[in-house]
Each structure stands twice: as structure tokens, then as C-alpha cells.
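The block underneath contains the structure these notes are about, expressed in C-alpha cells.
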Amino acid sequence: MNRIFLDVHALQTVPPSNLNRDDTGAPKTAVYGGVPRARVSSQAWKRAIRTCFADEHLLDPAELGVRTKKVVELLADRIAGLDESVERETALKLADETVKATGLKTEVPKRKAEQAKKDGDPAPAPESKYLVFLSSLQLDGLARLALEGAADITAFLKTKENKARAKALADTRHSVDIALFGRMVADVADINVDAAVQVAHALSVHRVDNESDYYTAVDDENTDEETGAGMIGTVDFNSATLYRYAALGVHLLAENLGQGLRDEDSRTEPVRRAVEAFVQAFVDSLPTGKINTFGHHTEPDAVVVKLRTTRPLSYVAAFEDPVRSDGGGHLREAADRLASYASDVERAYGDPDTTLTWVLRVGPATQKLADLGTETGTLRELAAAVGQAVTERLEKPE
């Protein structure tokens, strides 16, 4: 399959907020262009994208996965769901043996075991030693395998054939989020999945210095004689116009999804659904750090999407020289710079004959970006246009 890349660029302004904290509780920062910038880590935004898939019903639950240490309990639930006659303790044993047959290591957490013993509760279920990312369909397949060998699960899974089946079930029919963001299992490297998506750390286009808000809380039950605050504290924050970027290898996504998730699908249909969901979720998602404190609900002011056969191109260098506000904000200058830099770098390194461009923007400050490509009126229209173009590229003879 020919290489096909999707670049997604966005400018998004957020008010005072703390989207992504460091170990001290302050908003994360980075030095770029010799000045401190606001930063939101790729991990934080990828988590927000994965959450958006489900919250906004962009994908069917069967097309999504779960990342958890509690994989034994999760699989036991699937086993009980397939056969209600299986008791909980039996389901947990079946699940634990099946999980271990895939090569994953499980153990009962020591602290939980000690607490259960102290409280006189049953022993807790084993957990994997690390977060395990499994698709809904993989869990269903493993549950059916466990029930098949329920009479003597240990002997059943000792056979080379059934152990191989367990590992194969954990490494086929990947969910969309696994296909996009990958999976790494140190102990079972052969079921690793290379990520089809690379998400950059979001950076402010301008210099940012964190600020601190001093707050107090009053005890509602205080009498008039009881003055002073019931609690005092501080919370760090900043505000910024962020440049966000992600690169999606469509050909890698297609490879990870393999035969797709539904038997009635064409070869390209699962990829189209995944691409459209990713575009919508990347644009619409928002990390929720301290969101109850700041209510930082904004959408991107501008989105530029490019479908290309040349390698991915970030436009972050447009802001290596930080935007300096003249008292009128940063967005207009950022949009102007992005439009100019994108044109220059595409002229030098792009392939206009094979590259398609779409623009979604809001307000007059982003007007210059309209010249970069085809304007779309809504996010759904943008995602649909990109999905259609991806389908046509995938179905085109190599």
C-alpha cells in the first residue's frame, strides 16, 4: 500500500486554565524559541481524544478498547455475560488463566490483599503488572476461549495450540483506538502495535508566564464571631493561544485494523470511520484538568487538514519567533503566520499534485487561512470530506 499521511493543525485559544499539570501542580511549560511557552502534553490530549470517541458517540463501543490493570475482572465480566451460570469465583479463575496464556503477567496486589485480609473480605482479583490495552472484540474472543476450556482451564491452556490461540486472540481485530495510538507490552513484545498517530505537545505561539490564584473558602456553619477562612490555597494557571498538531499514517492505520471490525465492511470502510472519528475527536476534544475551577470550554479558532503522500509536515516553526501581542491578542498574528509559513514550506517541500487541503475556521482573525485550501462550514463536513478522500486514495490502484 502506498504511503498516505494526514496532517491536522489547529490554533486554539484557552482562557485562564490548567489543562495539564506537572508534579508541582503548575501548568506544564516548555522553552521554545528561547522563551517559556504553555504546553499540553501529547499524552493528555490523546487521553482526551480517546474519551471523546465514546462521549460523543463517534464510534460504536465494539470499535473501542479498554486500557486497565483490572483485565482479569474485565474478562471475568465478559465470561459471566456469555454464560450466566458461571459463578464469580470460577469466572475469575478462568479469566486469570486465559490472560496468563496470552503471555501477560498477573498478580494479586499486595496492598489490596493485606487490606482484604484485615477486613475479612475475600481475596481481591489478580491484576496485570501494567496497564493493558485490549479491544472489546479481543475480550469477547478470549472469554469464548475461556468457556471452551472451562472444564479444566489449566490443562486446556497448557496445550501449545490453545496457548497460541489465546495469544492470537489478543493480537487480532484491534479496536480503532489501539490501531491509532498503539500498544506496548514489554513482556509480550510480539503483540505490540505500532501507533498510526503521532500527536505533538501543544505549544503556545507566544511567551507565557504562569500565574497563581490565591483563594479562600468560608465555612458555611461559622457564626458571626468566627471570622476568617475555613480553607486557603493557591492554584497555578495560564492562558494561551495554542498550536496543536497531529500526523496520522493512514496506511499504518489500515494495516493495524486489518480485516476490519465488521464482516459486512468493505476493505476501506473501517479506515474511513476511524479517520473521520479521529479528525472530529482531535478537533473537538479538550483535556479536563481543573475544568471545574476554570471552565475553559473553547473550540479551535482554525483547523487545517492536509492529505499527502509526502512525509508529515508540522508548521510549528512558524512560531519559533514568539508572537508578540500589540494589545489586540495573539490569534490574528498567529493565523497570518501560519498561512504564510504553510504556503512557503509546502512550496519548498510539498507535492501540490498529490496533496489535498481543507480549512475550517471561525471569525475574521483567521481570514488569511482561507486561501490554503477548500473551506468547510462545519466540523462534520470537514471530517466527511477527509473520510471520502481517504477512501478514494485507498481504493485507487497502486
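- A distance of 11.5 Å separates CD in E375 from CD in E381, rounded to the nearest 0.5 Å.
- With values rounded to the nearest 0.5 angstrom, K290 atom NZ is found 10.0 Å from D213 atom CG.
- Residues that satisfy the side-chain hydrogen bond (donor to acceptor under 3.5 Å, both in side chains) test with T298, not counting sequence neighbours, are Q12.
- K69 and S128 are not linked by any side-chain donor-acceptor pair at a separation below 3.5 angstrom, with hydrogens and angles left out of the test.
- Formation of a donor-acceptor pair under 3.5 Å by the T366 side chain with backbone atoms of L369 is not found in this model.
- No chain of hydrophobic side-chain contacts below 4.5 Å, direct or via other Ile, Leu, Val, Met, Phe, Trp or Tyr residues, connects L382 to L338.
- Considering only heavy atoms from C-beta on, F278 stays 4.5 Å or farther from V176 through its side chain.
- A donor-acceptor contact shorter than 3.5 Å is absent between the side chain of R273 and the backbone of D60.
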**OP:** Assess whether side-chain contact (heavy atoms from CB on, under 4.5 Å) is satisfied between R78 and D140, documenting all intermediate values.
**Re:** CA-CA 6 Å; R78 298 295 178 109; D140 286 342; 2.7 Å; yes
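- The shortest side-chain heavy-atom distance between E127 and K112 falls under the 4.5 Å cut-off.
- Side-chain N/O atoms of Q388 and E392 include a donor and acceptor closer than 3.5 Å.
- Judged by distance alone, the side chain of T391 and the main-chain N or O of G387 form a donor-acceptor pair under 3.5 Å.
- A heavy-atom distance below 4.5 Å is found between the side chains of L74 and L139.
- Counting heavy atoms from C-beta on, the side chains of V72 and L92 come closer than 4.5 Å.
- Rounding to the nearest 0.5 Å gives a distance of 12.0 Å between CG of D371 and OG1 of T357.
- Looking only at atom types and distance, the side chain of D96 has a donor-acceptor partner in the side chain of T106 under 3.5 Å away.
- Atom CD1 of I4 sits about 6.5 Å away from atom CZ of R393, to the nearest 0.5 Å.
- The shortest non-hydrogen separation linking P322 to V35 is CG-CG2, 3.8 Å.
- The ring pair (Phe, Tyr, Trp, His ring centres under 6.0 Å) contacts involving residues 285-327 comprise H9-Y315, F237-F294, Y243-F319, where partners must be two or more places apart or lie in separate chains.
- Here R183 pairs with D171 in a salt bridge; the nearest charged N to carboxylate O distance falls below 4.0 Å.
- For residues 205-228, every residue pair satisfying the ring pair (Phe, Tyr, Trp, His ring centres under 6.0 Å) rule, not counting sequence neighbours, is listed here: H206-H330.
- Not counting sequence neighbours, R37 has no partner by the side-chain hydrogen bond (donor to acceptor under 3.5 Å, both in side chains) test.
- Looking at heavy atoms from C-beta onward, P61 lies out of side-chain contact with E63 at the 4.5 angstrom threshold.
- In this structure a side-chain-to-backbone donor-acceptor pair under 3.5 Å is missing from R67 to G65.
- Between the side chain of T68 and the main chain of V71, no donor-acceptor pair closer than 3.5 Å is present.
- A donor-acceptor pair under 3.5 Å is absent between the side-chain atoms of S239 and the main chain of P16, judged by distance alone.
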Pair up each side-chain donor or acceptor in residues 185-196 with any protein partner under 3.5 Å, not counting sequence neighbours, and list the distances.
| residue | atom | partner | partner atom | Å |
| --- | --- | --- | --- | --- |
| D187 | OD2 | Y130 | OH | 2.9 |
| N192 | OD1 | V185 | N | 2.6 |
| N192 | ND2 | A189 | O | 3.4 |

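- Residue pairs meeting the ring pair (Phe, Tyr, Trp, His ring centres under 6.0 Å) criterion with at least one member in residues 45-92, sequence neighbours excluded, do not occur.
- Side-chain contact between L82 and L147 is present, with heavy atoms from C-beta onward closer than 4.5 Å.
- Contact detail for A339 and L372: the closest heavy-atom pair is O-CD2, 3.7 Å.
- Side chain to side chain, E395 and T268 meet the donor-acceptor criterion of an N or O pair below 3.5 Å.
- Results of the side chain to side chain contact (heavy atoms under 4.5 Å, CB included) test with L253 over L6, V275, V390 single out V275 as the only residue that passes.
- With rounding to the nearest 0.5 Å, the separation of CD in E87 from CD1 in I79 is 13.5 Å.
- By the ring-ring contact (aromatic ring centres under 6.0 Å, His included) test, F5 is found to be paired with H251, residues two or more places apart in sequence or in another chain being considered.
- One hydrophobic cluster holds both V199 and V386 under the rule that ILVMFWY side chains link at heavy-atom gaps under 4.5 Å.
- Every residue was checked against the side-chain hydrogen bond (donor to acceptor under 3.5 Å, both in side chains) condition with R47, not counting sequence neighbours, and none meets it.
- For T378 and R380, the side-chain atoms include no donor-acceptor pair closer than 3.5 Å.
- Between the side chain of R207 and the backbone N or O of P36 there is no donor-acceptor pair closer than 3.5 Å.
- Checked options N18, N238, D236; the residue passing with N210 is N238 (criterion: side chain to side chain donor-acceptor pair (under 3.5 Å)).
- Evaluation of the side-chain hydrogen bond (donor to acceptor under 3.5 Å, both in side chains) rule for T288 yields no partner, not counting sequence neighbours.
- Listed by chain and number, the hydrophobic cluster partners of V218 come to none, as no ILVMFWY side chain reaches under 4.5 Å of it.
- Under the 3.5 Å distance criterion, the side-chain polar atoms of D121 are left unmatched by any main-chain donor or acceptor of A116.
- Residues L11 and R361 form no side-chain contact, since every pair of their non-hydrogen atoms from C-beta on lies 4.5 Å or further apart.
- Between the side chain of S135 and the backbone N or O of R173, at least one donor-acceptor pair lies under 3.5 Å.
- Applying the side-chain contact (heavy atoms from CB on, under 4.5 Å) rule to L157 yields the partners E97, T98, A101, L145, I153, N162; only residues at least two apart in sequence or on another chain are considered.
- With hydrogens and angles disregarded, no donor-acceptor distance shorter than 3.5 Å links the side chain of S340 to the backbone of D336.
- Grouping Ile, Leu, Val, Met, Phe, Trp and Tyr by side-chain contacts under 4.5 Å, direct or through others, leaves L131 on its own.
- Both V279 and L356 are members of a single hydrophobic cluster when ILVMFWY side chains are connected at heavy-atom separations under 4.5 Å.
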